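Working notes, structure below.
Computed from a predicted model, the values in this text were never measured in an experiment.
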Number of protein chains: 2
Amino acid sequence: MQLEDLRTPCLVLDRGILKRNLERMSSAIHRHGVSLRPHLKTAKSAAVAEMAVAGEAGGITVSTLAEAEYFAERGFLDITIAAGTTPQKLERVEALANRGVRLNVITDDRDTASAIAAQRAHYKAFIEIDSGEARGGVDPFGEDLLEIGRTLGDKLKGVLTHAGHSYDCRTVDGIQRVAEQERNAVVTAARRLRDAGLACEVVSVGSTPTMSHVERMDGVTEARPGVYMFGDLFQAAIQSCTRDDIAVTVLASVIGRRPSHNQILLDAGALALSKDRSTASTDQDAGFGLVLDIDAKPAFGECIIEHAYQEHGAAVGEKNRPLPFDSLAVGTKVRVAPNHSCLTAAAHDRYYVVDGSREVIAQWDRINGW
Amino acid sequence: MQLEDLRTPCLVLDRGILKRNLERMSSAIHRHGVSLRPHLKTAKSAAVAEMAVAGEAGGITVSTLAEAEYFAERGFLDITIAAGTTPQKLERVEALANRGVRLNVITDDRDTASAIAAQRAHYKAFIEIDSGEARGGVDPFGEDLLEIGRTLGDKLKGVLTHAGHSYDCRTVDGIQRVAEQERNAVVTAARRLRDAGLACEVVSVGSTPTMSHVERMDGVTEARPGVYMFGDLFQAAIQSCTRDDIAVTVLASVIGRRPSHNQILLDAGALALSKDRSTASTDQDAGFGLVLDIDAKPAFGECIIEHAYQEHGAAVGEKNRPLPFDSLAVGTKVRVAPNHSCLTAAAHDRYYVVDGSREVIAQWDRINGW
């Protein structure tokens with residue numbers, strides 16, 4: 001089967017680019033003597049996870065209970081669920097743990113820590129640390145840290161943070177400063193727990209920008225980046241990768257042409273691409289995605305999706321560079337590079353896998369939902 | 001089962017509000033002697049479609065081939081697929097037509113019209129008309145209209161437009177002007193086709209804003225609004241409905257609290273809510289959604305999702321009105337009203353149906369994908 005034969009819109013994954021991205025991050029992390037626990041929130045696919053854990057210890061990170069259940073069923077038995085849990089969610093955690101999955105949850109809440117401690121099932125919990133983003137996590141210098149550590153007791157696994165504010169940086173220098181902030185927060189928290197006589201086996205950090213540029217990881221034992229596997233236009237704009245490193249694209253068909261506006265209409269709109277506009281805050285604003293030709297080459301220059309309607313994407317060519325309308329008949333297939341691959345991929349239920357050509361060499365499933 | 005028992009995040013649909021919305025639009029359309037062909041792109045659910053066609057002629061509108069196939073399998077046998085088709089997509093159209101579905105496609109392209117005309121299967125095609133949005137459609141005064149009409153021959157069903165630029169209006173007056181532009185465009189196109197000796201049986205318009213306020217529909221035979229069924233914060237902001245008319249909400253759990261920032265963290269982020277920011281262009285900016293209590297009451301004032309991360313929604317209360325943190329423990333359930341219900345609903349595979357209380361009276365499936 002060739003890309004030309006596929007129904008559109010659909011999600012295309014280039015295995016060669018994926019492999020290169022995996023190897024680059026693996027080297028970057030191992031250079032620091034730290035283990036890599038890849039975050040599968042972007043890929044949500046067992047086939048991708050198998051490639052991502054090759055040469056690693058085998059543990060993975062996920063963002064939802066549905067992902068944890070999906071991966072456990074497919075033989076991944078060492079899983080960290082890296083979004084704050086609740087007492088009500090512990091029933092599903094317990095069920096997974098009782099099936100033999102080595103499971104870690106995270107919390108920054110005293111009551112939830114009590115609920116975790118009260119459960120008999122053998123699983124562990126990280127204390128989530130705020131390293132500057134002010135999203136989730138306790139202050140590494142605060143009293144909650146020690147109180148939650150004591151409450152968790154035998155269930156305490158370590159400390160964990162995500163420096164999501166690295167996404168606000170626009171220079172490598174800035175990202176490196178956030179990486180050091182990230183490291184410092186968890187290392188401080190780990191030291192305070194240990195000084196209080198509490199075990200803190202794992203010290204975990206991770207965001208793709210910080211892990212792409214981090215200079216120093218003393219005291220850190222584990223990294224959990226995710227979007228590095230696929231890359232996207234936003235990660236390229238903030239220098240975590242280049243546009244050539246983007247492994248996922250949406251295959252779309254031209255469904256309309258408007259030469260007077262230098263515009264083509266695609267059958268990939270807000271549902272197939274997502275309404276993510278993260279590149280708007282960078283100097284490489286790509287609208288709702290960058291239109292490439294069927295071979296994923298930038299044949300149309302900066303032809304970007306300016307309007308994303310539910311099922312229509314209106315792509316406009318560069319000023320003074322008319323699109324080649326003669327070769328863009330209705331039905332012509334193009335590929336759209338995403339702003340944010342985590343969100344774009346989640347609109348689709350499978351990957352059509354290629355490896356540098358138009359031949360579809362595999363279909364890989366993926367899990368959505370909760 | 002009660003809302004308290006559901007896994008979060010998930011999608012809740014209030015049947016009573018839905019019914020009221022359906023009746024309101026039905027009256028508004030019938031007042032003009034025009035038939036209602038509800039657009040199921042928002043609901044994508046056979047159970048909702050059954051309610052929406054009650055008292056109507058029975059025809060429905062959809063936006064994708066996957067929707068057409070889903071509804072055909074469930075006994076809906078009169079379907080307009082209202083997004084521009086391509087020659088490559090006609091194979092699936094033909095297969096549906098050969099199963100006995102009365103099918104209409106739309107096109108604004110001469111080559112696609114030729115491909116449609118060349119097919120033996122009994123289905124029909126609308127010529128898409130641009131009524132001012134400049135997304136899809138031919139100029140009602142242009143030569144393409146007649147050429148495509150002649151090419152379609154026996155397959156010509158009529159003319160169709162969608163005044164999507166009504167979404168740019170902020171006053172009822174403005175919406176009424178767009179409604180008249182919408183009407184005028186298709187009525188003009190229909191007259192020109194008929195003057196050229198071509199049959200033009202159906203004259204079809206439709207957007208929820210225009211159909212909510214239209215004053216005059218002479219010459220129009222059919223209306224195809226969609227989002228009126230569920231409403232959303234954007235439609236409320238542009239006066240297609242009120243906030244009390246919003247029928248779908250996302251049930252979410254509190255997973256973190258940060259009183260210093262008057263902030264709660266929910267397990268509904270960009271994937272569960274979408275990254276739609278349509279209310280940002282209105283005077284009722286609701287971030288990525290408005291947080292209500294579990295009974296869908298506005299108990300927290302203008303508490304809006306300011307940041308939508310992949311799986312986290314950070315909701316911030318009003319200035320000088322601290323959130324009631326004592327009743328927002330981790331695990332507490334709240335409901336989030338969406339900016340754009342079409343996109344939010346598409347993140348979910350089912351509706352948990354309630355009717356004014358917390359009791360879940362049904363689960364209704366929905367179709368996603370293409």
Q | Pick from B:Arg92, B:His348, B:His340 with the largest number of heavy-atom pairs that fall under 4.5 Å of chain A | A | B:Arg92
(Q) Which residues pass the salt bridge (Lys or Arg N to Asp or Glu O under 4.0 Å) test with A:Lys89, not counting sequence neighbours? (A) B:Asp267
Q | Most chain B-contacting option - heavy-atom pairs closer than 4.5 Å, from A:His307, A:Glu133, A:Arg277 | A | A:Glu133
Q | Note, B:Tyr309 side chain near A:Arg135 side chain (heavy atom, < 4.5 Å) | A | yes
Q | chain B interface, residue from A:Pro9, A:Ala347, A:Ala329 that has the most non-hydrogen pairs under 4.5 Å | A | A:Pro9
**Q.** Pairwise distance OG1(B:Thr8) to CG(A:Leu65) - rounded to 0.5 angstrom
**A.** 9.0 Å
Q.
Looking at A:Glu91, I want to see if its CD is surrounded by more than 12 non-hydrogen atoms of other residues, nucleotides or ligands under 6.0 Å.
A. no
Q. Side chain, backbone, both or neither: which part of A:Ala272 has a heavy atom under 4.5 Å from chain B?
A. both
Q.
So, taking the atom named CH2 in A:Trp370 and the one named CD in B:Glu311, what distance separates them when rounded to the nearest 0.5 Å?
A. 6.0 Å
**Q.** Which portion of A:Ser274 sits near chain B, non-hydrogen atoms under 4.5 angstrom
**A.** neither
Q: Check B:Leu271 against A:Ala346 and note the closest heavy-atom contact, atom names and distance.
A: CD2-CB, 3.4 Å
Q) Measuring heavy-atom distances to chain B, does A:Leu343 have an atom under 4.5 Å in its side chain, in its backbone, in both, or in neither? A) both
Q: Hey, could you give me the CG/CD distance between B:Leu6 and A:Gln88, rounded to the nearest 0.5 Å?
A: 12.0 Å
Q. What closest approach, in Å, do B:His312 and A:Gly84 show between heavy atoms, and which atom pair accounts for it?
A. NE2-N, 4.5 Å
Q. Looking only at heavy atoms, what is the nearest atom pair of B:Thr86 and A:Ile255, with distance?
A. CG2-CG2, 3.7 Å
Q.
Quick check on A:Arg257 against chain B: is it the side chain, the backbone, both or neither that has a heavy atom closer than 4.5 Å?
A. side chain
**Q.** Min side-chain heavy-atom separation A:Lys41-B:Gln310 under 4.5 Å
**A.** yes
Q | Residue A:Ala314 versus chain B: region with a heavy atom under 4.5 Å | A | neither
Q.
For B:Arg258, give me all partners under side chain to side chain contact (heavy atoms under 4.5 Å, CB included), at least two apart in sequence or on another chain.
A. A:Asp130, A:Ala134, B:Ser260, B:His261, B:Gln263
Q) Does any heavy atom of chain A fall under 4.5 Å from the side chain of B:Ala115, the backbone, both, or neither of them? A) neither
Q. Where does A:Thr85 contact chain B at under 4.5 Å (heavy atoms): side chain, backbone, both or neither?
A. backbone
**Q.** Top contributor to chain B interface from A:Asp276, A:Asn368, A:Thr332 [non-hydrogen pairs under 4.5 Å]
**A.** A:Asp276
Q: Identify which part of A:Asp349 has an atom lying under 4.5 Å from any heavy atom of chain B, answering side chain, backbone, both or neither.
A: neither
